[in-house]
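Shown next, in C-alpha coordinates, is the structure this report addresses.
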Amino acid sequence: MELSQLNKDQILDIKPTFAKALLIPALLCVGLGIFVLQKPLVWQDIFVLVIFYQIALFGISVANHRYFSHKAFKATPFFEFILFLTSGIAFQTPALTWAAVHRKHHQYSDREEDPHSPWFKEGRALNFWEGFWHSHVYWIFDLKILSLIKKYTPDLYQNTRLVKWQRYHVLVGVIGVIIPGFIEAAMLGSWDGFIRGVFWGGFFRVMLLHNAIFLVNSWGCHYGMGYRAHETTDKSTNNAWLFPFILGEAWHNNHHAYQASATTSHRWYELDPHYWMLKIFEKIGWASDLRKHA
Ligand SMILES: [Zn+2]
Ligand SMILES: [Zn+2]
(Lines give C-alpha, C1' and ligand atoms only; values in the text may rest on other atoms or scores of the structure.)
(Ligands and ions follow the chains in the order given, each with its own letter.)
Protein backbone atom coordinates (compact mmCIF):
# COMPACT_ATOMS: atom_id res chain seq x y z
CA MET A 1 0.00 0.00 0.00
CA GLU A 2 1.28 3.44 -0.91
CA LEU A 3 1.72 5.95 1.86
CA SER A 4 0.48 9.50 1.43
CA GLN A 5 3.06 12.23 1.89
CA LEU A 6 1.28 13.28 5.09
CA ASN A 7 1.61 9.78 6.57
CA LYS A 8 5.25 9.55 5.52
CA ASP A 9 6.02 12.85 7.18
CA GLN A 10 4.29 11.76 10.40
CA ILE A 11 6.37 8.57 10.53
CA LEU A 12 9.66 10.31 9.82
CA ASP A 13 9.34 13.43 11.92
CA ILE A 14 10.37 11.90 15.26
CA LYS A 15 12.19 14.66 17.08
CA PRO A 16 14.57 13.45 19.80
CA THR A 17 13.87 15.38 22.99
CA PHE A 18 16.36 15.87 25.82
CA ALA A 19 14.16 13.89 28.23
CA LYS A 20 13.40 10.91 25.97
CA ALA A 21 16.72 10.61 24.15
CA LEU A 22 19.16 11.42 26.96
CA LEU A 23 17.85 12.03 30.48
CA ILE A 24 15.47 9.08 30.97
CA PRO A 25 17.78 6.46 29.34
CA ALA A 26 20.74 7.80 31.35
CA LEU A 27 18.80 7.61 34.64
CA LEU A 28 17.60 4.07 33.83
CA CYS A 29 21.17 3.05 32.95
CA VAL A 30 22.53 4.47 36.23
CA GLY A 31 19.66 2.95 38.26
CA LEU A 32 20.14 -0.52 36.75
CA GLY A 33 23.91 -0.13 37.05
CA ILE A 34 23.71 0.56 40.79
CA PHE A 35 21.71 -2.67 41.19
CA VAL A 36 23.82 -4.84 38.85
CA LEU A 37 27.29 -3.61 39.81
CA GLN A 38 26.79 -4.73 43.42
CA LYS A 39 27.34 -8.26 42.15
CA PRO A 40 30.57 -9.67 40.73
CA LEU A 41 30.94 -9.63 36.95
CA VAL A 42 30.38 -13.01 35.27
CA TRP A 43 31.40 -14.07 31.77
CA GLN A 44 27.76 -14.13 30.66
CA ASP A 45 27.64 -10.33 31.26
CA ILE A 46 30.58 -9.86 28.88
CA PHE A 47 29.07 -12.30 26.39
CA VAL A 48 25.79 -10.37 25.93
CA LEU A 49 27.67 -7.05 25.95
CA VAL A 50 30.07 -8.11 23.17
CA ILE A 51 27.45 -9.83 21.01
CA PHE A 52 24.91 -7.00 21.12
CA TYR A 53 27.61 -4.32 20.84
CA GLN A 54 28.83 -5.96 17.63
CA ILE A 55 25.28 -6.31 16.22
CA ALA A 56 24.62 -2.63 16.96
CA LEU A 57 28.00 -1.52 15.57
CA PHE A 58 27.19 -3.42 12.39
CA GLY A 59 23.87 -1.49 12.32
CA ILE A 60 25.72 1.81 12.43
CA SER A 61 28.78 1.05 10.29
CA VAL A 62 27.36 -1.23 7.60
CA ALA A 63 23.64 -0.34 7.63
CA ASN A 64 23.30 3.37 8.48
CA HIS A 65 26.68 4.50 7.20
CA ARG A 66 27.83 2.43 4.24
CA TYR A 67 24.42 1.29 2.96
CA PHE A 68 21.77 3.89 3.73
CA SER A 69 24.03 6.98 3.66
CA HIS A 70 26.57 6.12 0.96
CA LYS A 71 25.05 3.26 -1.07
CA ALA A 72 28.45 1.61 -1.04
CA PHE A 73 26.90 -1.74 -2.00
CA LYS A 74 23.59 -3.22 -3.09
CA ALA A 75 21.53 -5.49 -0.84
CA THR A 76 18.80 -8.05 -1.51
CA PRO A 77 15.42 -7.15 0.09
CA PHE A 78 16.05 -9.77 2.79
CA PHE A 79 19.52 -8.39 3.61
CA GLU A 80 18.12 -4.85 3.53
CA PHE A 81 15.62 -5.94 6.19
CA ILE A 82 18.48 -7.38 8.29
CA LEU A 83 20.27 -4.04 7.89
CA PHE A 84 17.16 -2.21 9.07
CA LEU A 85 16.90 -4.49 12.14
CA THR A 86 20.55 -3.96 13.13
CA SER A 87 20.13 -0.20 12.61
CA GLY A 88 17.15 -0.29 14.98
CA ILE A 89 19.03 -2.37 17.56
CA ALA A 90 21.77 0.29 17.55
CA PHE A 91 19.03 2.69 18.74
CA GLN A 92 20.56 5.89 17.36
CA THR A 93 18.42 8.14 15.14
CA PRO A 94 16.37 6.14 12.58
CA ALA A 95 18.16 5.19 9.35
CA LEU A 96 16.71 7.96 7.17
CA THR A 97 17.48 10.66 9.73
CA TRP A 98 20.98 9.25 10.27
CA ALA A 99 21.68 9.20 6.53
CA ALA A 100 20.34 12.73 5.95
CA VAL A 101 22.45 14.22 8.75
CA HIS A 102 25.48 12.28 7.57
CA ARG A 103 25.18 13.34 3.93
CA LYS A 104 24.96 16.96 5.09
CA HIS A 105 28.08 16.36 7.23
CA HIS A 106 29.97 15.26 4.13
CA GLN A 107 28.73 18.21 2.10
CA TYR A 108 29.88 20.76 4.70
CA SER A 109 32.54 18.90 6.74
CA ASP A 110 34.13 21.22 9.32
CA ARG A 111 32.48 24.26 7.77
CA GLU A 112 29.77 26.42 9.30
CA GLU A 113 26.85 24.34 7.97
CA ASP A 114 28.26 21.02 9.30
CA PRO A 115 25.45 19.67 11.56
CA HIS A 116 27.84 18.25 14.19
CA SER A 117 31.03 20.22 13.90
CA PRO A 118 33.33 20.69 16.91
CA TRP A 119 34.26 24.04 15.35
CA PHE A 120 30.96 25.79 14.51
CA LYS A 121 27.30 25.93 15.46
CA GLU A 122 24.94 27.83 13.17
CA GLY A 123 27.75 29.98 11.88
CA ARG A 124 29.21 30.76 15.31
CA ALA A 125 32.77 29.66 16.20
CA LEU A 126 32.79 27.42 19.30
CA ASN A 127 35.31 27.23 22.11
CA PHE A 128 36.86 23.92 23.19
CA TRP A 129 34.13 22.66 25.55
CA GLU A 130 31.22 24.15 23.57
CA GLY A 131 32.63 22.40 20.50
CA PHE A 132 32.95 19.09 22.32
CA TRP A 133 29.42 18.99 23.72
CA HIS A 134 27.81 20.30 20.52
CA SER A 135 29.60 17.84 18.23
CA HIS A 136 29.35 14.92 20.66
CA VAL A 137 25.65 14.91 21.46
CA TYR A 138 23.73 18.19 21.65
CA TRP A 139 23.52 18.65 17.86
CA ILE A 140 20.81 15.97 17.93
CA PHE A 141 18.39 18.36 19.61
CA ASP A 142 18.82 21.01 16.87
CA LEU A 143 17.73 18.81 13.96
CA LYS A 144 15.02 19.91 11.54
CA ILE A 145 14.39 16.32 10.57
CA LEU A 146 11.79 16.48 7.81
CA SER A 147 13.48 19.19 5.78
CA LEU A 148 16.84 17.41 6.20
CA ILE A 149 15.42 14.10 4.94
CA LYS A 150 13.66 15.71 1.98
CA LYS A 151 16.77 17.65 0.96
CA TYR A 152 19.53 15.09 1.53
CA THR A 153 17.84 11.69 1.21
CA PRO A 154 15.08 12.12 -1.41
CA ASP A 155 15.98 8.64 -2.73
CA LEU A 156 15.28 7.03 0.66
CA TYR A 157 12.19 9.22 1.20
CA GLN A 158 10.72 7.83 -2.04
CA ASN A 159 11.23 4.26 -0.80
CA THR A 160 7.88 3.49 0.82
CA ARG A 161 9.12 0.20 2.24
CA LEU A 162 11.94 1.90 4.15
CA VAL A 163 9.62 4.61 5.46
CA LYS A 164 7.14 1.99 6.68
CA TRP A 165 9.90 0.09 8.47
CA GLN A 166 11.02 3.26 10.16
CA ARG A 167 7.66 3.30 11.98
CA TYR A 168 9.02 0.37 14.03
CA HIS A 169 12.43 1.89 14.79
CA VAL A 170 11.77 2.50 18.50
CA LEU A 171 10.08 -0.91 18.94
CA VAL A 172 13.11 -2.68 17.40
CA GLY A 173 15.43 -0.65 19.65
CA VAL A 174 13.46 -1.61 22.79
CA ILE A 175 13.40 -5.29 21.75
CA GLY A 176 17.17 -5.07 21.24
CA VAL A 177 17.51 -3.94 24.86
CA ILE A 178 15.23 -6.65 26.26
CA ILE A 179 16.46 -9.71 24.28
CA PRO A 180 19.90 -9.80 25.97
CA GLY A 181 17.96 -10.02 29.25
CA PHE A 182 16.18 -13.20 28.14
CA ILE A 183 19.43 -14.65 26.81
CA GLU A 184 21.33 -14.05 30.04
CA ALA A 185 18.37 -15.24 32.13
CA ALA A 186 18.45 -18.52 30.16
CA MET A 187 22.24 -18.79 30.51
CA LEU A 188 22.20 -18.19 34.27
CA GLY A 189 18.91 -19.99 34.85
CA SER A 190 17.50 -17.11 36.93
CA TRP A 191 15.56 -13.89 36.54
CA ASP A 192 18.50 -12.09 38.10
CA GLY A 193 20.15 -12.80 34.74
CA PHE A 194 17.39 -10.88 32.99
CA ILE A 195 18.24 -7.64 34.81
CA ARG A 196 21.95 -8.21 34.19
CA GLY A 197 21.38 -8.87 30.48
CA VAL A 198 19.18 -5.80 30.05
CA PHE A 199 21.94 -3.72 31.66
CA TRP A 200 25.06 -5.14 29.98
CA GLY A 201 23.62 -6.08 26.57
CA GLY A 202 21.04 -3.25 26.58
CA PHE A 203 21.53 0.04 28.41
CA PHE A 204 25.31 -0.12 29.00
CA ARG A 205 25.92 -1.37 25.45
CA VAL A 206 23.80 1.44 23.95
CA MET A 207 25.59 4.06 26.07
CA LEU A 208 29.04 2.69 25.20
CA LEU A 209 28.43 2.49 21.44
CA HIS A 210 26.70 5.88 21.26
CA ASN A 211 29.69 7.55 22.87
CA ALA A 212 32.17 5.66 20.68
CA ILE A 213 30.34 6.79 17.53
CA PHE A 214 29.85 10.32 18.86
CA LEU A 215 33.63 10.51 19.41
CA VAL A 216 34.11 10.28 15.65
CA ASN A 217 32.32 13.62 15.34
CA SER A 218 33.84 15.29 18.38
CA TRP A 219 37.43 14.74 19.52
CA GLY A 220 38.16 11.44 17.76
CA CYS A 221 38.23 12.17 14.05
CA HIS A 222 37.53 15.87 13.43
CA TYR A 223 39.65 17.61 16.05
CA GLY A 224 43.22 16.87 15.01
CA MET A 225 43.85 13.58 16.88
CA GLY A 226 45.34 10.75 14.85
CA TYR A 227 46.85 10.98 11.39
CA ARG A 228 45.83 12.18 7.95
CA ALA A 229 46.57 9.84 5.07
CA HIS A 230 44.78 12.00 2.50
CA GLU A 231 44.76 15.75 1.95
CA THR A 232 41.00 16.18 2.10
CA THR A 233 39.39 19.63 2.30
CA ASP A 234 38.13 18.88 5.85
CA LYS A 235 39.98 18.15 9.11
CA SER A 236 39.19 14.42 9.23
CA THR A 237 41.74 11.99 10.70
CA ASN A 238 42.32 8.25 11.06
CA ASN A 239 42.47 7.27 14.71
CA ALA A 240 43.82 3.85 15.76
CA TRP A 241 42.72 4.12 19.42
CA LEU A 242 39.09 4.14 18.29
CA PHE A 243 39.55 0.86 16.37
CA PRO A 244 38.69 -1.46 19.32
CA PHE A 245 35.38 0.39 19.73
CA ILE A 246 34.28 1.11 16.14
CA LEU A 247 36.49 -1.14 13.97
CA GLY A 248 37.05 0.21 10.42
CA GLU A 249 35.05 3.37 11.10
CA ALA A 250 38.20 4.56 12.90
CA TRP A 251 39.81 5.24 9.49
CA HIS A 252 37.66 8.32 9.04
CA ASN A 253 40.09 10.32 6.91
CA ASN A 254 40.26 7.42 4.44
CA HIS A 255 36.47 7.44 4.41
CA HIS A 256 36.27 11.19 3.77
CA ALA A 257 38.70 10.74 0.86
CA TYR A 258 36.61 7.93 -0.71
CA GLN A 259 33.12 8.26 0.75
CA ALA A 260 31.30 5.75 -1.43
CA SER A 261 33.80 2.94 -0.89
CA ALA A 262 32.51 -0.17 0.88
CA THR A 263 35.83 -0.38 2.74
CA THR A 264 37.76 2.15 4.81
CA SER A 265 41.01 0.17 4.70
CA HIS A 266 43.71 1.73 2.54
CA ARG A 267 46.77 0.04 4.08
CA TRP A 268 47.39 -3.48 5.37
CA TYR A 269 47.36 -2.33 9.00
CA GLU A 270 44.11 -0.40 8.67
CA LEU A 271 41.85 -3.38 9.31
CA ASP A 272 38.19 -3.25 8.33
CA PRO A 273 36.33 -6.40 9.52
CA HIS A 274 32.99 -5.05 8.29
CA TYR A 275 34.32 -5.15 4.73
CA TRP A 276 35.38 -8.77 5.27
CA MET A 277 31.81 -9.49 6.40
CA LEU A 278 30.45 -7.74 3.31
CA LYS A 279 32.65 -9.96 1.13
CA ILE A 280 31.09 -13.00 2.83
CA PHE A 281 27.60 -11.59 2.26
CA GLU A 282 28.60 -11.02 -1.37
CA LYS A 283 29.68 -14.67 -1.64
CA ILE A 284 26.33 -15.94 -0.36
CA GLY A 285 24.44 -13.55 -2.68
CA TRP A 286 23.01 -11.09 -0.15
CA ALA A 287 25.24 -8.14 -1.14
CA SER A 288 26.56 -7.08 -4.54
CA ASP A 289 28.33 -4.25 -6.36
CA LEU A 290 30.67 -3.47 -3.48
CA ARG A 291 32.25 -0.16 -4.44
CA LYS A 292 35.96 0.31 -3.85
CA HIS A 293 38.25 3.32 -3.75
CA ALA A 294 40.67 3.82 -6.67
ZN1 LIG B 1 33.41 13.07 9.21
ZN1 LIG C 1 30.30 8.91 5.60
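Indexing begins at 1, ligand by ligand and atom by atom, following the structure's order.
- Annotation: protein N, O or S atoms under 2.8 Å of the Zn ion (ligand 1) (waters excluded) comprise H105 NE2, H222 NE2, H252 NE2, H256 NE2.
- V170 is linked by a side-chain contact (heavy atoms from CB on, under 4.5 Å) to F91, V174, counting only residues two or more places apart in sequence or in another chain.
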Quiz item: Stepwise, does the ring pair (Phe, Tyr, Trp, His ring centres under 6.0 Å) test hold for H65 with H102?
Solution: CA-CA 8 Å; H65 193 200; H102 190 68; 4.3 Å; yes
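- Exactly one residue among T93, T97, D9 makes a side-chain contact (heavy atoms from CB on, under 4.5 Å) with I145. That residue is T97.
- For the side chain to side chain donor-acceptor pair (under 3.5 Å) condition, no pair includes a residue of residues 165-185, sequence neighbours left out.
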Do any side-chain atoms of residues 276-288 form donor-acceptor pairs under 3.5 angstrom with protein atoms, and if so which ones, sequence neighbours left out?
unit_1: K279; atom_1: NZ; unit_2: E282; atom_2: OE1; d: 3.1

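- Remark: at the Zn ion (ligand 2), atom NE2 from H102 and atom NE2 from H65 enclose 90°, rounded to the nearest 10 degrees.
- A salt bridge does not link K39 to D45: none of the charged nitrogens lies less than 4.0 Å from a carboxylate oxygen.
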